[in-house]
Amino acid sequence: MPGAIGLHLSFDEQGREIEILDVIRVDEDKYRIEETPIFNPAVTMGDVIRVREEHGIYYYVETVEKSPFRRMAWLLSKETVISAEIAAFKERIIASGGKWEQIFGGLFVVHMPKNSVIDVETEMNRIIERFER
């Protein structure tokens, strides 16, 4: 991803859980998150966050701007993940201004613009019904 850097980011004050997340710097202490954090479900792709740095670790302080995307997620079987239906769905998501992520193989996360006309949940339910009976 052009302009993105990997930031060692901790969401707890003790720094016990550190993720390396792709981010884009938008100001001295502000970064836009470019992928879904695992350790903080309240922060999502597209959020702009403020951080403080100590010894190369960046600590989350606050979210200063919420993402323009609406996030949805599903846990899918391997068969569903590798299907032609999911591949075509991924293309429709991107063509509609959205983004998708596949985390740990089977967690499928979709980020769609809040004004999107695509009914992602209905399409996903159709795919799931076909493969996960």
Side-chain angles (χ1 to χ4, degrees):
M1 166 173 313
I5 58 170
L7 195 73
H8 289 77
L9 185 61
S10 178
F11 290 100
D12 73 277
E13 290 187 23
Q14 290 76 35
R16 290 178 298 221
E17 299 170 338
I18 298 170
E19 294 184 67
I20 301 174
L21 293 173
D22 285 344
V23 299
I24 294 178
R25 187 176 184 170
V26 296
D27 201 354
E28 183 177 325
D29 62 348
K30 294 178 189 170
Y31 294 86
R32 185 175 67 237
I33 301 291
E34 295 296 317
E35 62 183 322
T36 298
I38 301 301
F39 294 126
N40 189 332
V43 176
T44 191
M45 176 189 288
D47 283 356
V48 175
I49 64 169
R50 181 182 320 279
V51 298
R52 64 177 169 74
E53 187 267 336
E54 289 181 24
H55 310 293
I57 304 297
Y58 292 80
Y59 294 85
Y60 171 83
V61 175
E62 66 180 332
T63 300
V64 295
E65 182 181 324
K66 286 306 289 174
S67 174
F69 297 108
R70 183 170 61 102
R71 177 179 61 193
M72 297 149 280
W74 297 267
L75 186 58
L76 304 177
S77 69
K78 182 178 180 181
E79 180 183 24
T80 305
V81 166
I82 62 172
S83 71
E85 288 84 348
I86 286 291
F89 188 45
K90 289 174 182 177
E91 290 177 15
R92 283 194 305 280
I93 290 166
I94 292 169
S96 299
K99 298 179 181 188
W100 60 270
E101 299 174 280
Q102 212 164 305
I103 302 170
F104 300 130
L107 181 59
F108 185 61
V109 184
V110 176
H111 305 271
M112 291 301 290
K114 291 180 180 174
N115 63 352
S116 174
V117 295
I118 292 181
D119 187 348
V120 172
E121 293 181 48
T122 298
E123 287 195 44
M124 209 46 225
N125 286 338
R126 275 192 222 128
I127 293 170
I128 289 170
E129 285 176 16
R130 179 160 188 262
F131 289 96
E132 304 196 9
R133 296 176 205 195

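Computed over heavy atoms, backbone and side chain alike; hydrogens, waters and symmetry mates excluded. Residue numbers count from 1 along this sequence.
Using a cut-off of 4.0 Å between Lys/Arg side-chain N and Asp/Glu carboxylate O, Glu101 and Arg71 are scored as not salt-bridged. For the pair Arg126 and Glu85, the salt-bridge criterion is not met [side-chain N within less than 4.0 Å of a carboxylate O]. A salt bridge does not link Glu65 to Lys30: none of the charged nitrogens lies less than 4.0 Å from a carboxylate oxygen.
At a threshold of 4.5 Å between side-chain heavy atoms, the hydrophobic network of Ile, Leu, Val, Met, Phe, Trp and Tyr places Met45 and Ile5 in two separate groups. Linking Ile, Leu, Val, Met, Phe, Trp and Tyr whenever their side-chain heavy atoms come within less than 4.5 Å puts Val23 and Phe11 in one cluster. Tyr60 and Val48 sit in two unconnected hydrophobic clusters of ILVMFWY residues. Membership requires side-chain heavy atoms under 4.5 Å apart, directly or through other members. Both Ile93 and Val81 are members of a single hydrophobic cluster when ILVMFWY side chains are connected at heavy-atom separations under 4.5 Å. Using a 4.5 Å cut-off between side-chain heavy atoms of Ile, Leu, Val, Met, Phe, Trp and Tyr, with links allowed through other members, Val51 and Tyr59 fall into different hydrophobic clusters.
Closest of all the heavy-atom pairs between Ser83 and Thr80 is OG-O, 2.7 Å. Closest approach of Met112 to Ser96, counting heavy atoms only: CE-CB, 3.8 Å. Among all heavy-atom pairs drawn from Ser67 and Asp47, the shortest one is N-OD1, 2.7 Å. Between Asp119 and Thr122, the shortest heavy-atom distance links the atoms OD2-OG1, 2.6 Å. Contact between Ile24 and Ala4 at its shortest, heavy atoms only, is CG1-CA, 4.0 Å. Between Gly46 and Pro68 the shortest heavy-atom distance is O-CD, 4.1 Å.
Looking only at distances, a side-chain donor or acceptor of Glu19 sits under 3.5 Å from a matching main-chain atom of Ile38. A donor-acceptor pair under 3.5 Å is formed between the side chain of Glu53 and the backbone N or O of His55. In this structure, the side chain of Ser10 engages the main chain of Glu17 through a donor-acceptor pair within 3.5 Å. In this structure, Thr63 contributes its side chain and Lys66 its backbone to no donor-acceptor pair below 3.5 Å. Listed for the Lys78 side chain is no donor-acceptor partner under 3.5 Å among the backbone atoms of Gly105. Checked by atom type and distance alone, the side chain of Arg25 pairs as donor or acceptor with a backbone atom of Glu28 at under 3.5 Å.
The only option from Thr44, Leu9, Leu21 that meets the side chain to side chain contact (heavy atoms under 4.5 Å, CB included) definition with Pro37 turns out to be Leu21.
Put simply, CD1 on Ile127 and CG on Asn125 are 9.5 Å apart, with the number rounded to the nearest 0.5 Å. Note: Glu121 CD to Ile128 CD1 = 10.0 Å, rounded to the nearest 0.5 Å. To the nearest 0.5 angstrom, Ile49 atom CD1 is 7.0 Å from Leu7 atom CG.
Using cut-offs of 30° and 60° on the angle between ring planes, the pair His111 and Phe69 is perpendicular.
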Between Tyr58 and Tyr31, is a side-chain contact (heavy atoms from CB on, under 4.5 Å) present by the stated rule, with each step listed?
-> CA-CA 11 Å; Tyr58 292 80; Tyr31 294 86; 4.0 Å; yes

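Between Phe89 and Phe108 the shortest side-chain heavy-atom distance falls below 4.5 Å. Using a 4.5 Å heavy-atom cutoff, the side chains of Trp100 and Ile94 are in contact. Under the 4.5 Å side-chain criterion, counting only non-hydrogen atoms from C-beta, Leu76 is in contact with Met124.
Residue Glu62 qualifies as enclosed at atom CD: its count of foreign heavy atoms under 6.0 Å is above 12.
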